[in-house]
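Here is the structure we will look at, set down as structure tokens.
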Number of protein chains: 2
Amino acid sequence: MSIHPLLDLTASEVKHAAALVRQLHRGQQLTFKAITLEEPPKELVIQYFKAQENGTALPYIPRVAFAAYYFKGTEHFVTTFVNLTESIIEKTERMSPKYHGNVDFEEVGRVEEMVMKNPDVLVEIAKLELPDHLEAIAEAWGFGSDGVDDYHRQYQIYMFVGEKKNPDSNHYARPLGFSPVVDATRMEVTRIDWIPTGSGLKAEKTKPWRYVTPNEYVPEENELRKDLKPLRVLQPEGTSYSINSENVLQWQKWQFRICFNYREGLLLRDIRYDGRPVFYRVSLSEMTVPYADPRSPYHRKQAFDLGDVGAGLVSNNLSLGCDCLGSITYLDGLIADPAGEPLVKKNAICIHEQDNGIGWKHSNYRTERACVVRNREIVIQQILTVSNYEYILAFKFNQAGELHYEVRATGILSTAAIDPGTSVPWGTIVHDGVLAQHHQHLLSLRIDPAIGDYATGNQLAYSECYPMPMDDFNPHGNGYVAKTTIVDKPGGLDLDSSKSRVFMMQNDQIRNPVNHKPISYKIQVPPMQKIMAHPDSFHFKRAEFGDHSIYLTKYKHDELFCGGKYTNQSRGGDGIKSWAARDDKVVDDDIVVWVQFGMNHVPRIEDFPVMPVEILNVALKPVNFFTMNPSIDVPPSRQETNQSQLVSREATSKCCNASNPKL
Amino acid sequence: MSIHPLLDLTASEVKHAAALVRQLHRGQQLTFKAITLEEPPKELVIQYFKAQENGTALPYIPRVAFAAYYFKGTEHFVTTFVNLTESIIEKTERMSPKYHGNVDFEEVGRVEEMVMKNPDVLVEIAKLELPDHLEAIAEAWGFGSDGVDDYHRQYQIYMFVGEKKNPDSNHYARPLGFSPVVDATRMEVTRIDWIPTGSGLKAEKTKPWRYVTPNEYVPEENELRKDLKPLRVLQPEGTSYSINSENVLQWQKWQFRICFNYREGLLLRDIRYDGRPVFYRVSLSEMTVPYADPRSPYHRKQAFDLGDVGAGLVSNNLSLGCDCLGSITYLDGLIADPAGEPLVKKNAICIHEQDNGIGWKHSNYRTERACVVRNREIVIQQILTVSNYEYILAFKFNQAGELHYEVRATGILSTAAIDPGTSVPWGTIVHDGVLAQHHQHLLSLRIDPAIGDYATGNQLAYSECYPMPMDDFNPHGNGYVAKTTIVDKPGGLDLDSSKSRVFMMQNDQIRNPVNHKPISYKIQVPPMQKIMAHPDSFHFKRAEFGDHSIYLTKYKHDELFCGGKYTNQSRGGDGIKSWAARDDKVVDDDIVVWVQFGMNHVPRIEDFPVMPVEILNVALKPVNFFTMNPSIDVPPSRQETNQSQLVSREATSKCCNASNPKL
């Protein structure tokens, strides 16, 4: 047993798992949706950590793979746990027809090709009478759920117009008003939906296409600004981090294990600071994007970007000097392809250090001596492309003991056709004839804390501030107090800025030696509007995590995905709501904290054709975990090291005069 | 008249103003608190802009200085407006005794020196029986207000213990239990307050000092980490910005005027994008820091860092390679010293470009082509030291038409002595015997918008999202709408994340040519807990702006400081509440929007001895102001330009093993 129990599956393990699965179903052709590490039981892993620390015999922990696959061309969906160490099948199960495997882009490619050959679709396209230089483009969307004849696995195909001359023309600027529906098993078009393009429910049949000007993002189609000078980041003495062959990263007293799978993409395990455990596992658990347009078929538009698609499956191949600046290390991810073969996702993860301004500063006004340190960060990042949209997901650690989870939303808005002169309150016109419907992005960050150690339990608490009554003790009325409340049962909880409510994961068994408070990490998360869909809607039922900023549950094996393990055309009921409804002990126990955040995206025209990043950040910061500012030992910021360049006002570049009004 | 009406006073103008004031009070010795530009009437400035654009005759706008000063050694406080162009006094007024001039550090130095020679104070110090290597240190604080015998201008002196060997020893880690009170006019100690150091109201008389270990931030007193490798920023072709002799900066289609004064420090005027006006003036209007400890004398602890002290007066001399990285331009600020002489605040403003990650990205999953641009920003920054505490204040512009106002709170917590074994709910023990009291930071950003032009009025509106009823139009319950409300009267307004409420400054007269919405800029501001002090308290009355996230007023000359023009020992009633109570027209008119934000700082032990930056950000972003993403023309991010360095996993530095538990 030389393989660490938390190591991702290796290529040979993927092959081995696929071989054992194929053996199980001899004679069947299989289409794999996933082959991934089945996490070992947490108690065994903690035993493993202890044995490692003590130098005692390591516990036996078999390597287990989880495989999900279809009998090819059928709805026969199977999940199997393969014990790789013993080369045996531990468990295999044909899944209930209500569960579906995730979308994969190999299939999407085949679907889109098939649609474009379908005679009924071709008839509709012909009705458009497109100019010769334009072509119709089909784009497959997850079907979603509405309870209406939607048990079969299906795709909703949205249609657009693109320029033939440039395959990177922005077809999202030219959406069409008809939409084929595809049965994903039979791989055929089952019907064509006509879509309302006015302000009401009525959909018109396909007419000759009204010419709409392009709205391109590719540089060759835009006149680029010429006055941006290069800015480079150099680390002449190399990086401050090291990464070993198991992807264990060490940087500035932080140490953690970088992992990757088809579903979550990048995740971190066994995060320690100066040897002290902080988190057992931190990962994005799910993200849902419900849309506001009530009209069919848009009423089903609700992406679950991790469960429906897979953050690992759609992770970008990151390029040197494009996605980051400076000294960059890339790590590959490993998934399984539909044939069950290991597939390397090249450069799926990038790692670099960056400067984030001043870390701390104080000037003594008596001596005029300034002490200042810079705020160095390490960024571990992946980028997802989910059809039109992009998410840049990054873990950022700093020297002050903080872990930030940053989400940058960018990419292209999902668009719909709208008649000229029409406007609707559930979307914004972002281009002639183009409606970008309002939508929510609701994300859930799953935090499995291990504040201070793995031996004792944790608790979730929140701090609030209250004014003191104006009385003899507080005669001038300025007094106020902070009050901490322990959350004593599982469930959903909300922020309350009117009380400065801050949630903290704390270890009551380990007290700060100076002030005797429990050591803890607080959660700084921006408030969100909870999911707006009606509680009786499928949108609401499926997005089980979308109604509270915080969920607290007791740890249970295989409870990783708050929207359910199988979200594609899901009905709800398999996610966090049922876990949080258990009467579990969550005080001084093995808890999991789910942090929901997001944005209600009312599009601006400025978000098109590609939107400037909208940045969301969840910060986890130590509270009484250390005995002082942990970055107090960062060397001072000095010109000798930093070698900045003084540019006098007179020497600043003569840039073009900004005086050309555009609107 | 060759001087632009918005240009800061020049050194010769300061001299000229002082000379005219001295002439006015011949025979009197004067102590100047301020000599600064009196802003010309806005309508004249706008006439000036128009004339400049049209090449017609410029309107006559006299240069006027505002001077505030005392008859030396008296409470005779005078303010005078000096017309420099005509060398005449426009107006002079002896101020009511309820108004006081701001604190200045020349005076603070004299006060502290005087206190340390006062026999009564020396008696108290002697009672401490300090070891030979230690010394007592006096630190003057603004007196605050409680209505109890506080009409005279006073200082509250907090006492600490410092190491003789190092004048930069952190005396805040060793606070004492007595506090002299100083009459600032008579420059004498009027009494000594003994401070409660337990959990109750009782204060004990001075006893021999219990030895407390030091807690130092200076690098020579700490063992510094050795594994941080240099990170440098290079701009080999120079900066992308230019700054002219009047401090007009041009960068990436942005253009604005950088100004500076004793009160606000850095402020920006006439901000335009591609020639289109966006804001007439943006500045930090005020900041108040009320403390939570109800006991005397702490009940008066409430700093107004702009009004009581002056952001320009306490702005740091910024150092190359310490406060920023890369290519940096420094600008000096100019103030007047107590003698009325011009005083250059060297390097008070720093300007640099920085990379803030990806600006936008899209990958076409069909062609696998990625288009990505980086998010270049320009930062215009100042740093304040207000005794123990630091604020890093920055305007950040980007290529997507956004202006961010960033505040980094750092520096040293204000501390108080507390007996060992004691704890109180209004503060955190951050070191043996050291209490850091809870406090709020409430800041107000004043935005004088000119969305789209200077000719038409603006309006404040807010957008909210509401679910649609579940009915025949919305049978699946997913529908929701965005609704915009125009704010039709002045007053205070609040955020409401449960409705995704977003405030927008908009121009109803100028519509977006594509979607016909009013052009606007939205305000993204984090929610805050409003001021917690009792509405009958002086804390509350003085911090007039602290009870709403947004205030809307009609523009009126000289309404710049929302806590009142004179905050030192103020009583309230001179600030925004009365301006917002007027029955002014604020729709399609000349409006001013005040954005309040801040934090309720419940200190962590990690915030000591110097706190890691806590970052607050107010973002102003275009909404339907442009016809598309304004950064779509940013050149692609390319390795050829960026010259990043690939570091293989194997080549990452071997950094020290992080396995030394600290707690």
Side-chain angles (χ1 to χ4, degrees), chain A residues 167 224 229-230 232 234 237-238 240 242-243 253 255 275 292 294 299 321-322 327 329 360 362-363 385 400 410-411 425 429 467 470 474 476-482 497 500 515 527 529 532-534 537 539 600 602 604 610 612 623 635 637 639 641-642 644-645 647 649 652-653 658-659 661, chain B residues 224 229-230 232 234 237-238 240 242-243 253 255 275 292 294 299 321-322 327 329 360 362-363 367 385 400 410 425 429 467 470 474 476-482 497 500 515 527 529 532-534 537 539 600 602 604 610 612 623 635 637 639 641-642 644-645 647 649 652-653 655 658-659 661:
Chain A
L224 302 182
K229 302 291 166 66
R232 293 175 190 149
L234 282 183
E237 296 176 22
S240 313
S242 71
I243 309 172
K253 303 184 188 173
Q255 175 181 304
H299 71 284
C322 300
S327 295
T329 302
W360 56 260
H362 180 60
S363 295
T385 296
T410 179
I429 310 292
M470 201 161 173
N474 176 37
H476 300 281
N478 69 299
Y480 71 89
V481 298
S497 60
S500 297
N515 64 20
Q529 183 170 18
M532 297 181 70
H534 194 281
S537 69
H539 273 33
N600 192 336
V602 174
R604 312 172 293 164
V610 180
V623 176
S637 176
Q639 172 60 359
T641 310
N642 297 337
S644 291
Q645 304 89 49
V647 182
R649 178 170 56 190
T652 55
S653 307
S659 60
Chain B
L224 303 182
K229 303 291 168 63
R232 294 177 190 148
L234 283 182
E237 298 176 22
S240 314
S242 71
I243 308 172
K253 302 183 189 172
Q255 175 180 303
H299 71 284
C322 300
S327 294
T329 302
W360 56 261
H362 180 60
S363 294
T367 63
T385 296
T410 180
I429 311 292
M470 202 163 174
N474 175 36
H476 300 281
N478 68 299
Y480 72 88
V481 297
S497 61
S500 296
N515 64 20
Q529 183 170 18
M532 298 180 70
H534 194 281
S537 68
H539 273 32
N600 192 335
V602 174
R604 313 171 294 164
V610 180
V623 176
S637 176
Q639 173 60 2
T641 311
N642 298 336
S644 291
Q645 305 89 48
V647 182
R649 178 168 57 191
T652 55
S653 307
C655 63
S659 59

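Here the structure is a predicted model, which is why all the values come from computation and not from measurement. Residue numbering restarts at 1 for every chain, and letters A, B, ... go by the order of the sequence lines.
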Best-contacting candidate, [options], against chain A by heavy atom pairs under 4.5 angstrom:
options                                : result
B:Pro527, B:Ala482, B:Ala533           : B:Ala482
B:Asn515, B:Asn478, B:Asn642           : B:Asn478
B:Gly477, B:Ser497, B:Pro467, B:Pro230 : B:Pro230

For chain B, which of [options] has the most heavy-atom pairs under 4.5 Å?
options                      : answer
A:Ser363, A:Pro635, A:Gly411 : A:Ser363
A:His534, A:Met470, A:His362 : A:His362
A:Arg232, A:His539, A:Met532 : A:Arg232

Any donor-acceptor N/O pair, [X] side chain to [Y] backbone, under 3.5 Å:
X        : Y        : answer
A:Ser240 : B:Lys229 : yes
B:Ser242 : A:Thr652 : no
A:Asn600 : B:Ser500 : no

(Q) Using the side chain to side chain donor-acceptor pair (under 3.5 Å) criterion, which residues pair with A:Ser537? Sequence neighbours excluded. (A) none

**Q.** With sequence neighbours excluded, residues passing side chain to side chain donor-acceptor pair (under 3.5 Å) with A:Gln645
**A.** B:Ser327

**Q.** Smallest separation among heavy atoms of A:Arg604 and B:Val623, with atom names
**A.** CD-CG2, 3.7 Å

Q.
Is B:Thr385 close to chain A through its backbone or its side chain, or both, or neither, when contacts mean heavy atoms under 4.5 Å?
A. side chain

Which bit of [X] is near chain B, if near means a heavy-atom gap under 4.5 Å: side chain, backbone, both or neither?
X        : result
A:Val602 : side chain
A:His299 : both
A:Thr641 : both

(Q) Any heavy-atom pair between the side chains of B:Ser644 and B:Gln639 that's under 4.5 Å? (A) yes

